There are 2 protein chains.
Amino acid sequence: MTPAGPAPASPPTSKDVAAEAGVSQSTVSMVLSGKWPGRVSASTAQTVREAAERLGYRPNPAARNLRLGRTRTILLVIPTLTAPFFAAVYTGAARVANEAGFSLVIFPWPIIPDGPFRVPHEAIDGMLASSMAEDSLAGPRPVPLVMLDSDPEGTAPAVNFDIEGAVRDLTAHLFALGHRRIGHLAAAIDAWTFQRRASALDAAVEDLVRVFAPIAISTGYEAAYELLSRPDRPTALVCDDDTLAVGAHKAASALGLNVPGDLSITGFDDLVLAEALDLTTVHLPAEELGAQAMTALLDLLQGRSPARPVLPAELVVRRSTGRVEL
Amino acid sequence: MTPAGPAPASPPTSKDVAAEAGVSQSTVSMVLSGKWPGRVSASTAQTVREAAERLGYRPNPAARNLRLGRTRTILLVIPTLTAPFFAAVYTGAARVANEAGFSLVIFPWPIIPDGPFRVPHEAIDGMLASSMAEDSLAGPRPVPLVMLDSDPEGTAPAVNFDIEGAVRDLTAHLFALGHRRIGHLAAAIDAWTFQRRASALDAAVEDLVRVFAPIAISTGYEAAYELLSRPDRPTALVCDDDTLAVGAHKAASALGLNVPGDLSITGFDDLVLAEALDLTTVHLPAEELGAQAMTALLDLLQGRSPARPVLPAELVVRRSTGRVEL
DNA sequence: CTGAAAGCGCTTACAG
DNA sequence: CTGAAAGCGCTTACAG
C-alpha cells in the first residue's frame with residue numbers, strides 16, 4: 001500500500017494468462033467469461049483457470065468497457081447524502097444491482113450549486129434518480145432512467161410510495177384523537193413528493209393551516225414557533241420530515257407546550273431521529289424503494305417493460321400524538 | 001430518457017469531430033486536451049472546438065482510461081453510509097477531488113457481510129478509507145491509499161482528529177462541573193479511534209467505569225440503563241457517539257434521572273442529533289477531514305510526500321452537562 | 001476444439 | 001503546424 005516498494009510490475013493481462021496456460025488469448029477470454037462449454041475442452045478450461053489464479057489475473061475493466069460499449073455501472077443520483085433516507089435507498093438498490101453483476105455509484109447532485117460537478121452520463125449504463133425533477137437530469141444524451149419518489153406522470157418509469165394512503169391513515173389517526181385544526185409544517189422544497197403530501201392534506205383536512213420551512217431543525221423551529229404563537233394555533237402539527245418535527249418539538253418546548261398533551265406532532269420518514277424522540281411518523285420503506293427501482297431499471301435495460309410499483313407507507317404511532325385535551 | 005424514441009445513434013467519436021472539422025484525429029485530441037498551444041494553430045483549434053461543440057462530443061472514458069492506464073477515479077471506502085459523519089467526509093473529499101479533475105466514488109464496505117461485494121481495486125487510481133483497519137482493505141494489488149480517522153502507525157499515511165486533546169477538554173469540562181465518577185459508554189467497534197478515546201479517558205479519569213454497546217439508540221439505551229441502575233452509578237456519562245448519547249438520554253429518562261441535574265451526558269461527532277437534543281459533544285470536523293485526506297492522496301499520486309495532519313476537535317458545550325448536585 | 005485477427009476510441013511518439 | 005500509425009487489453013466473428 002506504500003508508494004515505494006518493489007517495482008510495481010504492471011498487472012497481468014489475458015495475454016500473460018494465455019502464455020502461462022499455453023493457449024491463445026481468445027481461449028482465455030472464453031473460459032473466464034464462462035462461455036466456454038461446448039467450445040473449449042474441460043481440461044483446457046481448468047488449465048486456464050489455474051493459470052489465471054496463479055498470476056492473480058483480473059480483467060482490465062477499461063478494456064472490457066471499451067470493447068463491449070457498456071460499463072455495467074448504474075448511477076444513483078440523490079439530492080443529498082446527509083439524509084439517512086438516501087443511504088437506505090442506496091443499500092436496497094446496491095443489493096439488487098450486485099446480484100445482477102452491476103455496480104452502483106452514488107452521485108449527490110448538486111453537491112455544490114454551480115460547482116464543477118456534472119452528472120457523468122458517459123460512463124454509465126443507466127440511472128436511478130430519487131426525489132427530484134426529471135428534467136433537472138438532462139444530459140448530452142439520453143440514458144435509461146428510473147425515477148424514485150418522483151412524479152409518476154414523467155417520461156421515465158417511477159417507483160413511488162403511497163403518499164395518499166399514508167396521509168389518509170395519518171389524518172384518520174389525528175381525527176380519532178379529536179384533532180380538527182391541523183397545521184402542516186411543509187418542506188420548502190419543490191419536489192413532487194411534498195406537493196403530493198400537501199394536496200392530500202388539503203383534500204382530507206378542512207381546517208388546515210400551512211407554513212413552509214427548509215428541512216433543518218433550526219428552520220423547522222422557527223416556522224413552528226411562529227405558527228404555534230398564533231392565537232388560533234392548531235392542536236396537531238403534521239411535518240413533512242422527521243427533522244422538521246424535531247424543530248417543531250423544540251418550538252413547542254420553548255413555548256411551554258406539552259407534547260402530546262397540548263400539541264400532537266407527526267413526521268415523515270421514520271429515521272433514527274424519530275425513534276430518538278418517540279415521534280409518531282409515516283414509515284417510508286426507503287430500502288425497498290431502492291430495490292424495486294433497481295429491478296425496474298434492470299428490466300428496462302433488458303428491453304422488458306418495467307413495473308411501476310407503489311409501495312405502502314405505514315403509520316408508526318409513538319408518543320408524540322395524543323388526544324386533544326378539552 | 002425513454003427506452004423507445006429515434007434510433008439512438010452511437011455517440012460521436014473523436015474521428016467524427018476530426019471529419020467535421022476537416023483535421024486529423026490527433027489534432028482533435030491535442031486541441032481538446034488543452035495541449036495544443038505551440039503545436040496547433042489558434043484558428044484550427046477554434047475550428048475543432050466548434051465542431052466538437054456542434055456534435056456534442058464527449059471523450060469516451062473507457063478508451064481514455066485504457067490508453068492512459070489510469071482512471072482519475074478515487075474510491076472512498078466507509079464502514080456505513082447511514083452515518084451523516086461519512087456524508088460530510090465525502091463532501092469535503094469530493095470538493096478537493098473535483099478541483100483536481102478527479103471523480104470520487106463512495107464504497108460502503110461491507111454493505112452485507114460475506115456478500116458479493118468486492119472493493120474494486122482495479123478501476124481506481126487511489127483509495128481513501130475512513131475509520132477502519134488498514135488490513136481489512138487488502139486487495140489483489142496495492143493501490144495508493146490514505147487512511148482517515150485510523151491508526152497513524154499504519155503503513156499508509158493517515159489524517160486524524162486530535163482525540164487526546166478532545167478528551168482532555170471533555171474531562172476538564174466535567175471535572176470543573178464537579179464530576180469525579182465518570183462512565184464511558186464505549187462503542188463496541190474494534191476501530192482505532194474508539195481505542196484511542198478509551199485510553200485517553202483511562203489516562204485522564206481516575207474513577208472510570210466502562211460499558212460497551214454497538215452504535216444504535218436501543219443498544220445505547222440498554223447499556224446505559226444497566227450502568228445507571230448500579231448503586232454506585234457515575235454522575236457523568238461520556239458516550240463514544242451522539243447516537244449512543246441519545247440512548248443514554250432515554251435510559252436516564254426511564255430511570256427518572258434528570259439531565260443534567262442528576263446526570264451529565266456527552267457525545268462525539270456533533271451530528272444533527274446532538275443539536276436536536278442539546279447535547280454537549282465533541283465536534284469532529286468531518287468535512288475538513290475528507291478534504292485534507294484527499295489533498296494528501298493527490299500528493300501521494302504525484303510522488304510528493306503527503307502531510308499527515310491532525311485536526312483539532314472542539315468541545316461544544318450545550319445543555320446536557322451541568323454541575324453535580326450535592 | 002482452438003487460434004489469428006480485427007476493432008472498440010482514445011493519446012502520443014514519430015515523421016514530415 | 002499537421003497527420004499517419006501504433007497500441008492500451010479486451011471480446012468476438014471468423015477460419016480452420
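To find a chain, count down the sequence lines: A is the first, B the second, and so on, and within it residues start at 1. Please read all numbers here as calculations on a predicted model, not as lab measurements.
In this view, B:Gln195 and B:Asp190 satisfy the side chain to side chain contact (heavy atoms under 4.5 Å, CB included) rule, not counting sequence neighbours. Evaluation of the side chain to side chain donor-acceptor pair (under 3.5 Å) rule for B:Ser14 yields B:Gln25 as partners, not counting sequence neighbours. Taking A:Thr73 as the reference, nothing meets the side chain to side chain donor-acceptor pair (under 3.5 Å) condition, with sequence neighbours excluded. Remark: A:Asp125 engages A:Thr71 in a side chain to side chain donor-acceptor pair (under 3.5 Å) (not counting sequence neighbours).
In the region residues 36-51 of chain B, proximity to DNA chain D at under 4.0 angstrom, judged on heavy atoms, holds for B:Gly38, B:Arg39, B:Val40, B:Ser41, B:Thr44. The stretch residues 26-33 of chain A comes close to DNA chain D through A:Ser26, A:Ser29, each having a heavy atom under 4.0 Å from the strand.
Annotation: side chain of B:Trp192 is in contact with side chain of B:Pro152 (closest heavy-atom distance under 4.5 Å).
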Using atom types as modelled, flag every donor-acceptor pair under 3.5 Å from a side chain in residues 29-38 of chain B to any protein atom, sequence neighbours excluded.
residue	atom	partner	partner atom	Å
B:Ser33	OG	B:Ser29	O	3.0
B:Ser33	OG	B:Met30	O	3.1

Quiz: residues 288-296 of chain B side-chain donor-acceptor pairs under 3.5 angstrom, not counting sequence neighbours:
residue	atom	partner	partner atom	Å
B:Glu288	OE2	B:Gln292	NE2	2.8
B:Thr295	OG1	B:Ala291	O	2.9

Compile the donor-acceptor pairs under 3.5 Å between side chains in residues 299-307 of chain A and protein atoms, sequence neighbours left out, one pair per line.
residue	atom	partner	partner atom	Å
A:Asp299	OD1	A:Arg304	NE	3.1
A:Asp299	OD1	A:Arg304	NH2	2.6
A:Gln302	OE1	A:Arg304	NH1	2.8
A:Gln302	OE1	A:Arg304	NH2	3.3

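Running 5' to 3' along DNA chain D, contacts with non-hydrogen atoms of chain A at under 4.0 Å begin and end at D:dG9 to D:dT12.
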Using a 3.5 Å limit on both pairing distances, list the dot-bracket string of DNA chain C from the 5' end; Watson-Crick and G-U wobble pairs count, crossing pairs take [ ], interstrand pairs take |.
|||.||||||||.|||
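Nearest-nucleotide assignment on DNA chain D puts the 5′-proximal partner with B:Gln25, out of A:Ser14 and B:Gln25.
Using a 4.0 Å heavy-atom distance criterion, B:Leu68 is classed as a sugar-phosphate-only contact.
Under the salt bridge (charged side-chain N to carboxylate O under 4.0 Å, His left out) criterion, the residue pairs touching residues 11-28 of chain B are B:Glu20-B:Arg54, with sequence neighbours excluded.
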